[in-house]
There are 2 protein chains.
Amino acid sequence: MARVSQEHLDARRRQILDGAALCFARNGFHATSMQDVLKEVDLSAGAVYRYFSGKEELIAAIVAEVLGQVHDGFEEEARNSPPPPPDILVASVLGRVLATKESLTVDGRPAFPRLVVQVWTETLRNDELAGLLREGYGAVQATWTRIVEAYQETGMMRPDVSPDRVARTMMAAAMGFLAQQALFGPASAEVLGDGLRALMSVQDHSSVNLLETRSN
Amino acid sequence: MARVSQEHLDARRRQILDGAALCFARNGFHATSMQDVLKEVDLSAGAVYRYFSGKEELIAAIVAEVLGQVHDGFEEEARNSPPPPPDILVASVLGRVLATKESLTVDGRPAFPRLVVQVWTETLRNDELAGLLREGYGAVQATWTRIVEAYQETGMMRPDVSPDRVARTMMAAAMGFLAQQALFGPASAEVLGDGLRALMSVQDHSSVNLLETRSN
DNA sequence: ACAACTAAAACGAACGATCCTTCTTTTTGA
DNA sequence: TCAAAAAGAAGGATCGTTCGTTTTAGTTGT
């Protein structure tokens, strides 16, 4: 194939990215060899090295893509106006994130959550990728903090807790549930939504007596 | 040193485990070479291979230890009777987990959260370690589910949500916050506690009007 | 008390395997 | 027919591990 159309070049690049992502989701970035990737994408070394200068660049491309997809999932769902209550918001964000790359599977289970955890570990040893992660995380946290402020301004949530702490907590719930999917297999985002809804019904210590009175 | 005391043997083994854990927290299991470990613990290859049959066994030993420490942190804190409300419980569990191996640091920051995330990725490619993880997680979830049932039976929490979903959600919050510590640096467990307390004050959609009336 | 002895602990050079990458050659599509 | 794309053998580096040697702590004999 000489002088190939741009669509073909793009398709090849995507083919490489998808195959490599599958390998990396299976075994992690550094336990998968280039030959593993070459076998998965069914191409020669010369072909792959025409699209990526090396393994490091391939990893960086996949990390950047995954971070972008997670970022989009978190941000887009938060643009809804007015913002839904936290349980609905977190569950729908998680559902959207889990919907990305659903076709990519590792022995029948979605590979994306696994890939996200692998990306986390890679940002721990690559400062450039760590910068990307912080950038995206900061933007999302800013968005969510504004939503929490709206909760508090409308009297929906107690106003005596710093909004960014609440935002961090909601993101932690989503991140932790994502990790659970990677480690223990798929589960509906509804599980997390139900759990948060139940937590929202708990009164803190100073109000417990009041609630107990009502429920009797 | 021939015929060395058992304490010396144990100390050597621990020295190797600690040095290796530091390396693995820095760079992950498969991006750190044995020579990196040898340099860190300041021993020769022959010495290390006297205590561990190979890299794999060294990794397995560290993974098992980390999983055990996390497990203990989750379980011991939950034995308190009566169980504190969710925000207090989750925060104190996280505080306890973060207190493990506090002396082990990567450029001044605690290495343990990083190590936990690395352990997660290793369980994705080692079925034996995955079994260990599932075992520990299952036990913790059972304990927490019982606590949630207590919440519901005392009228502290709405009873129409499956208790194990709530348990999963609380554990997700803790896991996600742990991941945040690995990725973005240390933070007090109080942050998560405050966030959960704020979430606990949110009324769901059908009750919003009621709360707004009260707050005016 | 001290020197010789011994078995274990530690050393570290070196081996084979595997890794990532390069480069020449072959194939292919325009 | 030609330039681009893909192939795949091979190079150089690094990996995990082994194994013959050296060092050392504890024991024995006098």
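Throughout, a chain's letter reflects where its sequence line sits, starting with A, and its residues are numbered from 1.
When all heavy atoms are compared, the tightest approach of B:Ala174 to B:Leu192 is CA-CD2, 4.2 Å.
The interatomic distance linking A:Glu57 (CD) with C:dC20 (P) rounds to 15 Å, in whole Å. Summarising the geometry, the separation between CD1 on A:Ile16 and P on D:dA5 is reported as 12 Å, rounded to the nearest angstrom. In this structure, CG of A:Leu58 is placed 11 Å from P of C:dC20, rounded to the nearest angstrom. Distance CZ (A:Arg50) to P (C:dT21): 16 Å, rounded to an integer number of Å. One interatomic measurement links the two molecules: CD of B:Gln15 to P of C:dA9, which rounds to 15 Å at whole-angstrom precision. Residue A:Arg13 contributes atom CZ, which lies 19 Å from atom P of D:dA4 at whole-angstrom precision. Per the geometry, CG belonging to B:Leu43 stands 13 Å off C1' belonging to C:dG12, to the nearest Å. For A:His8 and D:dA3, the NE2 to P distance is 21 Å, given to the nearest whole Å.
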Exercise. Sugar-phosphate atoms are those with a prime plus P, OP1 and OP2; base atoms are the rest. Using that split, label each nucleotide of nucleotides 11-18 of chain D B, S or - for protein heavy atoms under 4.0 Å, 5' to 3'.
Key: ----SSBB

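The shortest distance between side-chain heavy atoms of B:Gln118 and A:Leu124 falls below 4.5 Å.
Residue A:Arg96 is tested with A:Glu77, A:Glu102, A:Glu75 for a salt bridge (Lys or Arg N to Asp or Glu O under 4.0 Å); the sole match is A:Glu77.
Residues satisfying the side chain to side chain contact (heavy atoms under 4.5 Å, CB included) criterion with A:Gln35, sequence neighbours excluded, are A:Ser33.
Counting only residues at least two apart or on different chains, the ring-ring contact (aromatic ring centres under 6.0 Å, His included) pairs with a member in residues 118-152 of chain B are A:Phe184-B:Tyr137, B:Phe74-B:Trp144.
A:Ser44 has no side-chain polar atom (N or O) that falls below the 4.0 Å cut-off from OP1 or OP2 of D:dA6.
The residues A:Lys39 and A:Asp36 are annotated as not salt-bridged, no charged nitrogen and carboxylate oxygen being separated by less than 4.0 angstrom.
Contacts of B:Phe52 with the nucleic acid, taken as non-hydrogen atoms under 4.0 Å apart, are absent.
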